[in-house]
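Below: one structure, written as structure tokens.
Each chain gets a letter, A, B and so on, in the order its sequence line appears, and its residues count up from 1. Values below: all heavy atoms of this structure, side chains included; hydrogens, waters and symmetry mates excluded.
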Protein chains: 2
Amino acid sequence: MLKRKAEAADRLFHALADANRRAVIERLTRGPATVSELAAHLGVTVAATVQHLQVLQDSELVRSEKNGRVRTCRIDPAGLRSAEAWLQRQRTAWEHSLDRLGAVLDDRTKESGS
Amino acid sequence: MLKRKAEAADRLFHALADANRRAVIERLTRGPATVSELAAHLGVTVAATVQHLQVLQDSELVRSEKNGRVRTCRIDPAGLRSAEAWLQRQRTAWEHSLDRLGAVLDDRTKESGS
DNA sequence: GGGATAGTCAAGTGGTAGCTTAAGTATCCA
DNA sequence: TGGATACTTAAGCTACCACTTGACTATCCC
């Protein structure tokens, strides 16, 4: 199995697969927030929120820095970009394969046609 | 614990979060394949492959039809498109929020400046 | 018909995810 | 200083996931 290279994508899509983590991202696209604010927004404990934030930071979807006792979280565009890149790569590969199929069908038509 | 409702985005990103399922997608972007071919490609049993395919079909990433005893699988672009759409939505929302921040900073500079 | 092929279904297993509570650390401020 | 605030860490619990094996159905073709 070709798993080594896949780890980043694993983490990335796994991070996006949870509704609460996506809610954090959606919230942060509208501006930075503290851990407590995010916890209130999600309706879970602060501890659970910290765990989600860890996952989001590991996949470069969120960054955060701590000032005094307050941790401020914001979007890290790197993760969003590489997720989009993977999907675009697949879509383009698929479209190319459709093009090749089209070319083959055209050739067949030409051969058998006239 | 609250049972999470399996929303579309949940299913979608969860489907993409598994390396074997992504390998199926990558394989299918290069053209259709049967269940056995996919199983051989992944190096897992046919039964496991069928389970992956079920997940991929539920999230509209893959379609399949059965002719005789052979099931042929192909890419369903709907899933890829809606995953891309979600990510793009977040990225543009984030960029707009940066714009608004920029505007505020400009105003502040104008007010306090000179 | 009957053996091989292609896929489906069900049950069981080890591992992991997401959540909680509880106890800790660091910082703020009256 | 000392109490309140903001976050961190650890342990434990339940549910779910990816995978297997084994039995089964449907189809092909000699």
Side-chain angles (χ1 to χ4, degrees), chain A residues 1-4 6-28 32-59 61-74 79, chain B residues 1-28 32-59 61-74:
Chain A
M1 248 181 273
L2 358 132
K3 281 240 171 168
R4 283 287 83 82
E7 278 172 9
D10 274 339
R11 281 203 303 275
L12 189 46
F13 287 114
H14 166 73
L16 291 168
D18 183 86
N20 277 343
R21 283 194 292 263
R22 286 198 310 278
V24 167
I25 292 174
E26 289 177 359
R27 168 61 190 79
L28 293 182
T34 69
V35 175
S36 321
E37 284 166 357
L38 293 173
H41 185 62
L42 297 183
V44 299
T45 61
V46 169
T49 305
V50 168
Q51 291 173 40
H52 282 310
L53 286 171
Q54 192 54 57
V55 172
L56 289 165
Q57 295 189 62
D58 287 349
S59 40
L61 287 160
V62 165
R63 276 180 299 121
S64 74
E65 71 263 358
K66 199 163 177 178
N67 284 339
R69 56 183 172 168
V70 177
R71 176 173 297 279
T72 304
C73 308
R74 37 176 51 85
Chain B
M1 200 189 306
L2 281 178
K3 196 163 185 172
R4 38 180 6 91
K5 65 173 176 179
E7 197 187 335
D10 274 331
R11 283 203 306 273
L12 191 45
F13 288 115
H14 166 74
L16 291 168
D18 183 87
N20 276 343
R21 284 194 291 263
R22 287 197 309 279
V24 167
I25 292 173
E26 290 179 358
R27 167 64 188 77
L28 293 182
T34 67
V35 175
S36 321
E37 284 167 356
L38 292 173
H41 185 62
L42 297 183
V44 299
T45 61
V46 168
T49 305
V50 168
Q51 291 174 40
H52 283 310
L53 286 171
Q54 192 54 57
V55 173
L56 288 166
Q57 295 189 63
D58 287 349
S59 40
L61 287 160
V62 164
R63 278 181 298 121
S64 73
E65 71 263 0
K66 199 165 178 177
N67 285 340
R69 58 183 168 168
V70 175
R71 176 173 297 279
T72 303
C73 309
R74 38 176 49 85

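In this structure, Arg11(B) atom CZ and dC16(D) atom C1' are separated by 16 Å, rounded to whole Å. For Arg22(B) and dC17(D), the CZ to P distance is 17 Å, given to the nearest whole Å. Rounded to an integer number of Å, the gap from Asn20(B) CG to dC17(D) C1' is 13 Å. Whole-Å rounding puts the Arg71(A) CZ to dT5(D) C1' distance at 16 Å.
Between Leu42(A) and His52(A), the shortest heavy-atom distance links the atoms CD1-CD2, 4.4 Å. Smallest separation of non-hydrogen atoms from Asp10(B) and Ala17(A): OD1-O, 3.0 Å. Across all their heavy atoms, Leu53(A) and Cys73(A) have their closest contact at CD1-SG, 3.8 Å.
Judged as a side chain to side chain donor-acceptor pair (under 3.5 Å), and not counting sequence neighbours, the contacts of Ser64(B) are Gln57(B), Arg71(B). Residues that satisfy the side chain to side chain contact (heavy atoms under 4.5 Å, CB included) test with Ala48(B), not counting sequence neighbours, are Val44(B), Thr45(B).
For the segment residues 50-59 of chain A, residues with any heavy atom less than 4.0 angstrom from an atom of DNA chain D are, sorted by number, Val50(A).
Atom NE2 of His41(A) is separated from atom CD of Glu37(A) by 10.5 Å, given to the nearest 0.5 angstrom.
Side chains of Val55(B) and Gln51(B) form no contact here, defined as non-hydrogen atoms less than 4.5 Å apart. Proximity of Leu56(B) to Leu28(B): side-chain heavy atoms (C-beta onward) are nowhere separated by under 4.5 Å. Contact annotation: the side chain of Phe13(B) never approaches that of His14(A) to less than 4.5 Å [non-hydrogen atoms, C-beta and beyond]. Residues Val62(B) and Arg74(B) form no side-chain contact, since every pair of their non-hydrogen atoms from C-beta on lies 4.5 Å or further apart. Between Arg21(B) and Leu16(B), every side-chain heavy-atom pair lies at or beyond the 4.5 Å cut-off.
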Go along nucleotides 22-30 of chain C 5' to 3' and tag each nucleotide: B for a protein heavy atom under 4.0 Å from its base, S when only backbone or sugar atoms are that close, - otherwise. -----BS--
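Val35(B) comes within 4.0 angstrom of the backbone, heavy atoms only, and of no base.
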Give me the distances for all protein-to-nucleotides 14-17 of chain C N/O pairs that come in under 3.5 Å?
none

Intermediate values then yes/no, side chain to side chain contact (heavy atoms under 4.5 Å, CB included), Asp58(A) and Gln54(A): CA-CA 6 Å; Asp58(A) 287 349; Gln54(A) 192 54 57; 3.1 Å; yes
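Each of Val46(A), Thr49(A), Val70(A) was evaluated against Thr34(A); a single residue qualifies, Val70(A), per the side-chain contact (heavy atoms from CB on, under 4.5 Å) test.
For DNA chain D, runs of at least 3 consecutive pairs of the Watson-Crick or G-U wobble type, with both hydrogen-bonding distances under 3.5 angstrom, map to C:1-30 with D:1-30.
For Thr45(A) and dT20(C), the shortest distance from a side-chain N or O to OP1 or OP2 is below 4.0 Å.
Checking dC19(D), dT20(C), dT8(C) against the side-chain heavy atoms of Val44(A) singles out dT20(C) as nearest.
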